[in-house]
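First the structure, in the form of structure tokens, and then the observations on it.
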Amino acid sequence: MIILRFSKALLAFALFGCGTLLLGCVSSEHTSKAMPSDTAMNKTIKPGAAITLTHTGPKDLQPGQYGVVTVKVTDSYEAGTLVLTAQPDEGLRLVTETAETTFPLSGNDMHEWELDVTSETSGIYYLNVFATAKLPEGRELLRSYSARVLVGDVLEADIQKSLKQNGSLSGDGKTISMEAEETIQ
């Protein structure tokens, strides 16, 4: 008889506990508070130099003409040296005297590098910029960037054809999205 009362009490306690746990799982307050912190934990920061690269290119550049590509770099370092090297795609030629320049790293300053380019044929070209942040303690961090240069009468269809088969161009024509797989160990 004592065992029977004990079993009923244990069963009632277990059912009450399970019910409480289930109510906690469906509570909207519980789930809404958990979502932002879970999402923040999954954020990934791209490794490399803490610099941001953007560019402005020549408008209506025709074959045989010269145009200016202005590469703008913002850094987040207090000291060191930034080395930039430019390498054009085949068919695009640099007219600038040198394909390399340096800037002092001094914290959130905007650096501008003007590069003169030309091409003899119409098309879509990329001016690849390789950045090396040389820090005082001897570390070197890298970043790369490609500035698109349109030469001649380039149609939207030409831009789409220039993309790799697994990529898609954003509506503003500035970003190419490509599928990727990543293994985190």
Side-chain angles (χ1 to χ4, degrees), residues 43-136 138-183:
K43 185 175 181 181
T44 303
I45 297 173
K46 185 177 178 180
I51 60 172
T52 302
L53 294 122
T54 60
H55 80 282
T56 55
K59 301 284 186 213
D60 300 320
L61 181 63
Q62 295 301 313
Q65 293 179 340
Y66 298 99
V68 176
V69 175
T70 304
V71 177
K72 298 175 184 175
V73 185
T74 305
D75 73 81
S76 297
Y77 297 103
E78 294 301 319
T81 304
L82 176 65
V83 179
L84 298 176
T85 306
Q87 181 180 9
D89 274 353
E90 186 176 327
L92 184 68
R93 188 169 58 90
L94 282 177
V95 185
T96 305
E97 291 181 21
T98 180
E100 184 173 297
T101 191
T102 60
F103 295 103
L105 294 172
S106 56
N108 291 324
D109 285 345
M110 172 76 74
H111 310 289
E112 288 190 3
W113 186 25
E114 291 186 345
L115 297 153
D116 296 319
V117 296
T118 188
S119 177
E120 293 303 317
T121 57
S122 294
I124 301 165
Y125 300 97
Y126 290 91
L127 179 62
N128 302 303
V129 178
F130 303 97
T132 304
K134 295 182 177 188
L135 305 181
R139 288 188 330 160
E140 291 186 0
L141 299 167
L142 308 173
R143 177 78 63 214
S144 60
Y145 180 79
S146 292
R148 185 172 69 185
V149 180
L150 303 177
V151 179
D153 298 323
V154 180
L155 303 173
E156 184 65 30
D158 296 328
I159 294 172
Q160 290 296 328
K161 281 193 288 184
S162 75
L163 297 175
K164 297 203 179 284
Q165 292 298 319
N166 61 346
S168 62
L169 187 64
S170 65
D172 62 3
K174 294 183 178 182
T175 305
I176 299 173
S177 297
M178 300 177 79
E179 289 185 27
E181 290 184 23
E182 180 177 354
T183 303

task: Hey, could you give me the CD/NZ distance between Glu112 and Lys72, rounded to the nearest 0.5 Å?
output: 5.0 Å

- line: Residues Pro63 and Gly152: closest non-hydrogen pair is CD-CA, 3.9 Å

query: Ser119 side chain to Gly91 main-chain N or O, any donor-acceptor pair under 3.5 Å?
result: yes

query: Rounded to the nearest 0.5 Å, how far does CG of Leu92 lie from OG1 of Thr118?
result: 8.0 Å

- request: Could you give me the CA-CA distance, side-chain angles and deciding distance for Leu135 and Tyr77, then say whether side chain to side chain contact (heavy atoms under 4.5 Å, CB included) is met?
  value: CA-CA 8 Å; Leu135 305 181; Tyr77 297 103; 3.5 Å; yes

- prompt: Mind checking whether Val69 and Val149 have side chains closer than 4.5 Å, heavy atoms only?
  reply: yes

message: Nearest 0.5 angstrom please: Thr74 OG1 to Leu53 CG, how far?
response: 8.5 Å

query: Taking side chain as C-beta onward, heavy atoms only, is Leu94 less than 4.5 Å from Leu115?
result: yes

message: Show me the pairs that pass side chain to side chain donor-acceptor pair (under 3.5 Å) and involve residues 48-65, at least two apart or across chains.
response: His55-Tyr145

message: Measuring only between side-chain heavy atoms, which start at C-beta, is Arg93 closer than 4.5 Å to Tyr66?
response: yes

Beyond-backbone contact of Asp75 with His111, side-chain heavy atoms, under 4.5 angstrom: yes

- prompt: Between atom CD1 of Ile51 and atom OG of Ser76, what is the distance when rounded to the nearest 0.5 Å?
  reply: 9.0 Å

task: Report the residues that fulfil side-chain hydrogen bond (donor to acceptor under 3.5 Å, both in side chains) with Thr81, sequence neighbours left out, ordered by chain and then residue number.
output: none

Interatomic spacing from CG in Leu61 to CG in Leu150 - rounded to 0.5 Å: 9.0 Å

message: Can you confirm whether Leu142 sits close enough to Phe130 that some side-chain heavy atom of one is under 4.5 Å from a side-chain heavy atom of the other?
response: no

- request: Enter the distance from Glu114:CD to Thr70:OG1 here, rounded to the nearest 0.5 Å.
  value: 4.0 Å

message: Ignoring hydrogens, what is the shortest heavy-atom contact between Val71 and Val129? Give both atom names and the distance.
response: CG2-CG2, 4.1 Å

Taking distance alone, no hydrogens or angles, what donor-acceptor pairs closer than 3.5 Å link side-chain atoms of residues 82-89 to residues at least two apart or in another chain?
{"from": "Thr85", "atom 1": "OG1", "to": "Glu100", "atom 2": "OE1", "distance (Å)": "3.4"}
{"from": "Asp89", "atom 1": "OD2", "to": "Tyr126", "atom 2": "N", "distance (Å)": "2.9"}

